Number of protein chains: 2
Amino acid sequence: MKEGPDISIVAALIGNPACANMLTALLAGSALTATELAHEAGLTLSTVSGYLSKLGRAGLVAIERQGRHRYFRLADRDVAIALEALMPVATRAGHLRVRTGPRDPELRRARSCYDHLAGDLAVKMYDRFVERKLLAGKSDSLRVTDEGRRFFAKAGIDTDALDNGRRPLCRPCLDWSERRTHLSGSLGAAVFRYLLDRGWAVAERKTRIVRFSPAGEQKARDWFSR
Amino acid sequence: MKEGPDISIVAALIGNPACANMLTALLAGSALTATELAHEAGLTLSTVSGYLSKLGRAGLVAIERQGRHRYFRLADRDVAIALEALMPVATRAGHLRVRTGPRDPELRRARSCYDHLAGDLAVKMYDRFVERKLLAGKSDSLRVTDEGRRFFAKAGIDTDALDNGRRPLCRPCLDWSERRTHLSGSLGAAVFRYLLDRGWAVAERKTRIVRFSPAGEQKARDWFSR
DNA sequence: TTCATAGTTTGATGATTCCCGAAGTATGGC
DNA sequence: GCCATACTTCGGGAATCATCAAACTATGAA
């Protein structure tokens, strides 16, 4: 019976909804701290910590120490691939259950991804930023161009100040609904705040849905399209 | 928290060692009856039956009735892909356990992956096909060249006919043992059948091991190398 | 040093799961 | 019709798991 590696020990970990949530959160690409993950999955710090050490021992996540912070991220690309590969099967599995609200499409359209925007519109925005050369570089080494810095400064976003924190300024983040990239990192967060502050969109509490008013969406599009 | 499909319900199923064993058994490609699977996993028929209905409801396995027999197989390729994708992560996770039989090397060498060939030799074959420009294109859009169509036609494989199904003709499939790509899709299946029909290799029953005779391997290499 | 923050470890407990045996249902052969 | 085979459903007991609160450790800041 024992042929090939034992899938089940890994799958069992992912099979825990809490772990699955944490992992999908990490699938976004950015490294998160234990406290952030606890918040993300709606669990106690102790619970999360326990799981993280398990996930670490199993080679699913890796730790990066920075002072008293520990940043967790997916151990490597294989893990991300495995998680992604489970998604198509899971959608069908889920469809058999009595669940399907109007929520799903809304989530796909625009949602918060930890502290930045994800979904259809976020992807469009990201593409436009790249197209306008406000952002440059490949997935691993994305950076803000000088022109980008000027653009964001006009919106009151001081990229130099953001860049000082220990958090990366901008990172690409892979989107499950779109299978394409959107903007994460402290700049991603700042841009998200910009959209909210302006009243163009409202983040629905507890659900991650981000609701744009028709006028707000138009204004947002105008802003990032030129 | 509910963003994206719920991976965990699928993963939890695979996370059960019994189910994992049954699924990996089915990964070999052939449909098996509940009794065979019970034997395979060392469980009672009642237990297996229970799991199978769960797996069926979750869209992981499908049933084919034939008289009083019910043949179970993996529901579709997505499931096979997901299972294969878990393997690389599992190998590392498994390193903490004491395990490694003589089977392992044999599996790495050549094995069936759902309905096509995987492992060392399969990767070499794939590389050669690309080198000879019988296949072209990047991962997402792999296609058979005209020269490729002629080559396969000589082996009695009618690519045009294969292309009619709704299954993709050829797809690259990532290999857990090699970390490289081999050929999947209906062409991959046809090529596998070609090797077996010719008696160059035999698919060992119940395990996924594919055993090439020394002469058979040489002939296979000659075939795809030129 | 001393405090506050970040994270780990350690029980404890309530829920869930795993798996079986026994009894029930469907299908084909005689 | 009747039996054997192939499978499903039911009920239940032991084991495991998920999760928490509280106590502990480590790190940076004042």
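If you're wondering where the values come from, they're calculated on a predicted model, not measured in any experiment. Heavy-atom basis, side chains included; hydrogens, waters and symmetry copies ignored. Every chain is numbered from 1 and lettered A, B, ... according to where its sequence line falls, protein lines coming before strand lines.
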| remark: Asn21(A) CG to dA18(D) P, in whole Å, measures 14 Å

| said: Can you tell me which nucleotide in dC20(C), dT8(C), dC7(D) comes closest to the side chain of Ser46(B)? | reply: dC20(C)

| Side chain of Leu45(A) - closest among dG21(C), dC7(D), dT8(C) | dT8(C)

| said: The side chain of Thr44(A) is closest to which nucleotide in this list: dT8(D), dC20(D), dG21(C)? | reply: dC20(D)

| What's the CG-P distance between Leu55(A) and dC17(D), to the nearest Å? | 14 Å

| said: Counting only side-chain heavy atoms from C-beta out, which of dT8(C), dC7(D), dC18(C) sits nearest to Asn16(B)? | reply: dC18(C)

| When the distance from CD1 of Ile63(B) to C1' of dA6(D) is rounded to whole Å, what number comes out? | 13 Å

| said: Under 4.0 Å from OP1 or OP2 of dC19(C): is there any side-chain N or O of Thr47(B) that close? | reply: no

| task | Output the single nucleotide from dC19(C), dA6(D), dT19(D) whose closest atom is nearest the side chain of Thr35(B). | result | dA6(D)

| said: Using modelled atom types and a 3.5 Å cut-off, is there a donor and acceptor pairing between side-chain atoms of Thr145(A) and backbone atoms of Leu134(A)? | reply: yes

| task | Hey, can you tell me if Trp223(A) and Phe129(A) have their rings parallel, tilted or perpendicular (30° and 60° cut-offs)? | result | perpendicular

| task | Kindly say whether the aromatic ring centers of Tyr194(A) and Phe224(A) come within a distance under 6.0 Å. | result | no

| field | Side chain of Thr33(A) (C-beta onward), nearest among dA18(D), dG7(C), dA21(D) | value | dG7(C)

| Between dT27(D) atom P and Tyr71(A) atom OH, what is the distance in whole Å? | 16 Å

| field | Leu23(B) side, atom CG; Ile7(A) side, atom CD1 - distance, nearest 0.5 Å | value | 9.0 Å

| request: Just call it for Leu52(A): base, sugar-phosphate, or nothing, with non-hydrogen atoms closer than 4.0 Å on any strand. | output: nothing

| said: Heavy atoms from C-beta onward define the side chain here; which of dG7(C), dT19(D), dC19(C) lies closest to that of Tyr51(B)? | reply: dC19(C)

| query | What integer distance in Å separates Leu43(B):CG from dG21(C):P? | reply | 11 Å

| said: Ignoring hydrogens, what is the shortest heavy-atom contact between Asp6(B) and Ala90(A)? Give both atom names and the distance. | reply: O-CB, 3.7 Å

| Value in whole Å for how far the C1' atom of dT19(D) lies from CE of Met22(A) | 13 Å

| field | Length of the CZ-P vector between Phe72(B) and dA6(D), whole Å | value | 14 Å

| note | In whole angstroms, the gap separating P of dG7(C) from CG of Leu37(A) amounts to 9 Å

